[in-house]
Peer 1: 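Mind having a look at this structure? Questions to follow.
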Amino acid sequence: MSGNASRQNAITSVAKYVTPPAALGDRESLSELFGKNVFGRSAMQDRLPKAVYKSVLATIDKAAPLDPSIADVVASAMKDWAIEKGATHYAHVFYPLTGLTAEKHDSFLEPDSNGSAIAEFAGKTLVQGEPDASSFPNGGLRQTFEARGYTGWDVTSPAYILENPNGNTLCIPTVFVSWTGEALDTKTPLLRSQQVLNTQATRILELFGHSEIDTVTSFAGAEQEYFLIDKGFFFARPDLIASGRTLFGAKPPKGQEFDDHYFGAIPERVLACMHDCEQELWKLGIPAKTRHNEVAPGQFEIAPVFERANLATDHQQLLMVTLQRVANNYGMECLLHEKPFAGVNGSGKHVNFSLGNATQGNLLDPGHTPHDNAQFLVFCAAVIRSVSLFGGLLRSVVASAANDHRLGANEAPPAIISIFLGEQLMDVFDQIAKGGATSSKEKGTLIVGVDTIPDLPSDPGDRNRTSPFAFTGNRFEFRAPGSSQSIAGPMLAINSIMSESLDFIATELDSLLSSGTEFNAAVQKVLEEIITDHGSVVFNGDGYAEEWQIEAAARGLKNLRTTPEALAELDSSEVQALFEKYGILNNRELASRYEVNLEQYCLNINVEACATLEMGRTVILPAALRYQGELAAAAASLKQIDLSYDTTTLEEVGTHISSLLSGLNSLEKALESHGGDSSSEEATYACEVLLPCTLVVRAAADALECVVADDLWPLPTYQEMLFIL
Ligand code: ADP
Ligand code: MG
């Protein structure tokens, strides 16, 4: 059998693939589908006594504490609903620190005294669970003697049905905490931060004279990028299976340079898959809206409509799982890794962020009156100040081994966290910085020149795609998060730093007002102070440019290139103080996150290093040696009949084989050593020693791929994976 049999089989099967016809037809209308499998508002309204329904709504909308006495009623209604939908099991779904989703499934059935079984689901089972989840990494928060973790119902994220041909499951989103109440998950601190944000934003709104103020919450709309490749190719790539990315692979002759894929026609098989996936998402109440091809061949994007941050976060997790599950049904693998193919565009997850409520609307939307504008500018200034003070934290919450291949590379936002305001808004802040001192007193207006802000086009065409944190008309877009990451970390960070800045502003305003300063003058003064102190975080230029690195350094902005550097921010006193002050994460909880993230990083790099070693030895080297043998045999037989033989290729192969072997040996040695006793030493070692060693192996292997006879090359090539779908 030739070396590339699995490649050939995969290609043949793609050529023969026929999209199931049913997949292309509309099954049910959107209105029938949307939220069909969600125990949401309408299901609750239908099934709960009015008072109970009202009480649940108060918890969801007004963050009122959950009334424990209603749990039994809700549980019973939820169970009946779920059983009618074919559920046999229920699961508490929680979000451990690894960034993944975890589920503990239990059957509804409980044995009764007659030896048969009845379907049972009591309030206490809804409200609290005790998964035996002691093996989730917890960064030292749980010792074995206190290994218990509890899941608790998150009323603000509705329960839903997960369908499976063999029986459905009622899924209940929950928090996951230790018996001491410390957060073992990503949801708990996110919920805490939402509450703090509400408190601080409300103070500002009160200062602006609003009397009726609904609960303020942050909103998130995440754009998910991903790759689809044929399953046959996936299974023929041990590196993709082990690490989610290709550890080897030479650049294809045709790459993304033609830009012919971006927004081009979507291949039929992919379209059918997207269609199916959207229907699944709609059933779960996830408002999937836009879909299109992305920059790289084989790369796509899906973006649901924005929702409250906590719900959007849960939905985002479900969306990733759904993408992978549905792709599988169409014979494809969905790659969520940030950089599955070196040299090809990577995948991000742009998180669009705003905050607001029902009474005052979107607080990042510029208004039409001077008063509204002043309020908008205050919230905008809070963003500027918070990103300026906590850029390092924002960088740390998107840090991972995978995202390091993206951030700072020539396509994704740089590792330097700056803000893009756009020309118009920048101009407004420039005026505030300059003119404020002289002309701030005019009644009813903020300052000359900023009485009204020109209508800023939301989604302006000239959008700066190189900025990690860009204003896009009525929201900010945080572009640094990676495609496989949970958005819980980014939203937690944004909520927290915004709360701190809003607190700062409200406190400043309070003190100016109480010392007799007129309101507009006070606002002007605070805005001026913020833009003067923190304006250096605003950068409207090209974030990819070499010069920006130098200028950013001169401005004192951090450039945290690697995960170990970025994660160290979590260990800083400013970040500890921030989370501690608002009761979002205590020092132990924060330290546990630092620890788990470091562990994850080390684990990822180690898996990649081991896979590189093994594939280098057992897949690449044998192919290269075979080819070398063929060339040598050809040379020998030509010599026998006195024909000259050009040895260039033979020598070239020999050189690359030597580099491969020496690279493999160094890598093996590196894997035998350790960085030190602490996780941070291990992470630095992984970053500075292991990773470079794998790159040496890769360089030799990729060079071999370019010379070894194609029929001997064992791994599906970039061209095959990216273009044959
Ligand atoms: P683009 O690719 O041009 O950035 P998309 O349409 O793909 O835009 O995605 C934009 C995302 O921003 C969507 O998820 C959308 O719902 C979200 N979004 C729009 N308005 C807001 C807002 N006020 N707050 C938060 N997210 C928003
Ligand atoms: Mg988009």
Side-chain angles (χ1 to χ4, degrees), residues 34 190 194 197 201 214 216-226 259 261-264 266 274 277-278 281-282 285-296 299-320 322-323 345-367 372 375-376 379-380 382-383 411-413 420 422 425 455-481 483 485-488 490-495 498 543:
F34 196 81
L190 176 60
Q194 288 278 74
L197 184 71
D214 216 338
V216 177
T217 179
S218 62
F219 294 93
E223 305 165 45
Q224 173 76 55
E225 294 177 338
Y226 59 97
D259 267 339
H261 180 71
Y262 197 33
F263 283 94
I266 299 173
M274 285 177 164
C277 186
E278 280 165 15
L281 294 172
W282 289 338
I286 302 174
K289 191 154 184 288
T290 60
R291 59 178 175 205
H292 58 76
N293 288 355
E294 259 303 323
V295 180
Q299 193 186 26
F300 307 92
E301 180 188 291
I302 180 167
V305 175
F306 67 97
E307 298 177 288
R308 291 171 189 220
N310 173 47
L311 188 57
T313 303
D314 290 358
H315 279 171
Q316 229 295 307
Q317 296 292 104
L318 256 178
L319 181 141
M320 289 195 282
T322 307
L323 273 176
N345 193 55
S347 300
K349 176 144 51 200
H350 303 170
V351 178
N352 293 268
F353 150 82
S354 65
L355 73 169
N357 61 10
T359 40
Q360 279 72 44
N362 178 358
L363 301 172
L364 289 175
D365 205 354
D372 286 354
Q375 185 182 299
F376 158 73
F379 281 97
C380 228
V383 178
E411 43 153 302
F420 169 82
L425 191 54
D455 271 348
L456 301 174
S458 66
D459 235 18
D462 67 336
R463 215 147 94 208
N464 184 321
R465 297 199 168 265
T466 67
S467 173
F469 214 94
F471 183 68
T472 58
N474 62 0
R475 60 186 186 271
F476 280 86
E477 183 177 358
F478 185 27
R479 306 179 70 246
S483 49
Q485 294 177 323
S486 161
I487 64 167
M491 288 314 299
L492 163 68
I494 291 173
N495 285 344
M498 277 297 285

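Start at 1 and go down the list; that is how both ligands and their atoms are numbered.
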Peer 1: Under 4.5 Å between any side-chain heavy atoms of Leu364 and Asn474, yes or no?
Peer 2: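 Counting from C-beta outward, Leu364 and Asn474 never come under 4.5 Å.
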Peer 1: Using a 4.0 Å heavy-atom cut-off, say whether Glu477 meets ligand 1 through its side chain, its backbone, both or neither.
Peer 2: side chain
Peer 1: According to the interplanar angle, ranging from 0 to 90°, do the rings of Phe469 and Phe476 count as parallel (below 30°), tilted (30 to 60°) or perpendicular (above 60°)?
Peer 2: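 Ring orientation, 0 to 90° scale: tilted.
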Peer 1: As a check for students: among Pro304, Ala303, Ala222, identify the option with a heavy atom nearest to atom 14 (O) of ligand 1.
Peer 2: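 Ranked by closest heavy atom to atom 14 (O) of ligand 1, first place is Pro304.
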Peer 1: Going by the order shown, which atoms of ligand 1 are within less than 4.0 Å of some heavy atom of Gly221?
Peer 2: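 The atoms of ligand 1 under 4.0 Å from a heavy atom of Gly221 are 14 (O), 26 (N).
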Peer 1: Treating Ser483 as the side-chain partner and Ser347 as the backbone partner, does any N or O pair qualify as donor plus acceptor under 3.5 Å?
Peer 2: yes
Peer 1: Hey, does Asp365 have a side-chain heavy atom less than 4.5 Å from the side chain of Phe376?
Peer 2: no
Peer 1: Report the C-alpha distance between Ser218 and Ile494 in whole Å, list the side-chain angles of each, state the deciding distance to 0.1 Å, and finish with yes or no for side chain to side chain contact (heavy atoms under 4.5 Å, CB included).
Peer 2: CA-CA 9 Å; Ser218 62; Ile494 291 173; over 6 Å; no
Peer 1: Relative to atom 20 (N) of ligand 1, which among Glu301, Arg475, Lys289, Arg308 owns the nearest non-hydrogen atom?
Peer 2: Arg475
Peer 1: Considering only heavy atoms of Val305, which atoms of ligand 1 have at least one such atom less than 4.0 Å away?
Peer 2: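 In order of numbering, the contacting atoms are 16 (O).
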Peer 1: Check whether Glu301 reaches the backbone of Gln224 with its side chain - one donor and one acceptor, N or O, closer than 3.5 Å.
Peer 2: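 Pair absent, no side-chain N/O of Glu301 close to backbone of Gln224.
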Peer 1: Show your working on side chain to side chain contact (heavy atoms under 4.5 Å, CB included) between Met320 and Lys349 and close with a plain yes or no.
Peer 2: CA-CA 11 Å; Met320 289 195 282; Lys349 176 144 51 200; 3.2 Å; yes
Peer 1: Would you say Phe306 and ligand 1 have an N/O pair spaced under 3.5 Å apart?
Peer 2: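 Min N/O separation from ligand 1 is below 3.5 Å for Phe306.
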Peer 1: Quick one: does ligand 1 sit under 4.0 Å from the side chain of Asn362, the backbone, both or neither, non-hydrogen atoms only?
Peer 2: side chain
Peer 1: Have a look at Gly473, Ser354, Ala470 and point out the one with the heavy atom closest to atom 22 (C) of ligand 1.
Peer 2: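 Minimum heavy-atom distance to atom 22 (C) of ligand 1 goes to Ser354.
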Peer 1: Looking at ligand 1, does Glu223 have a heavy atom less than 4.0 Å from it?
Peer 2: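 Checking ligand 1 against Glu223, which is what was asked, there is a heavy-atom contact under 4.0 Å.
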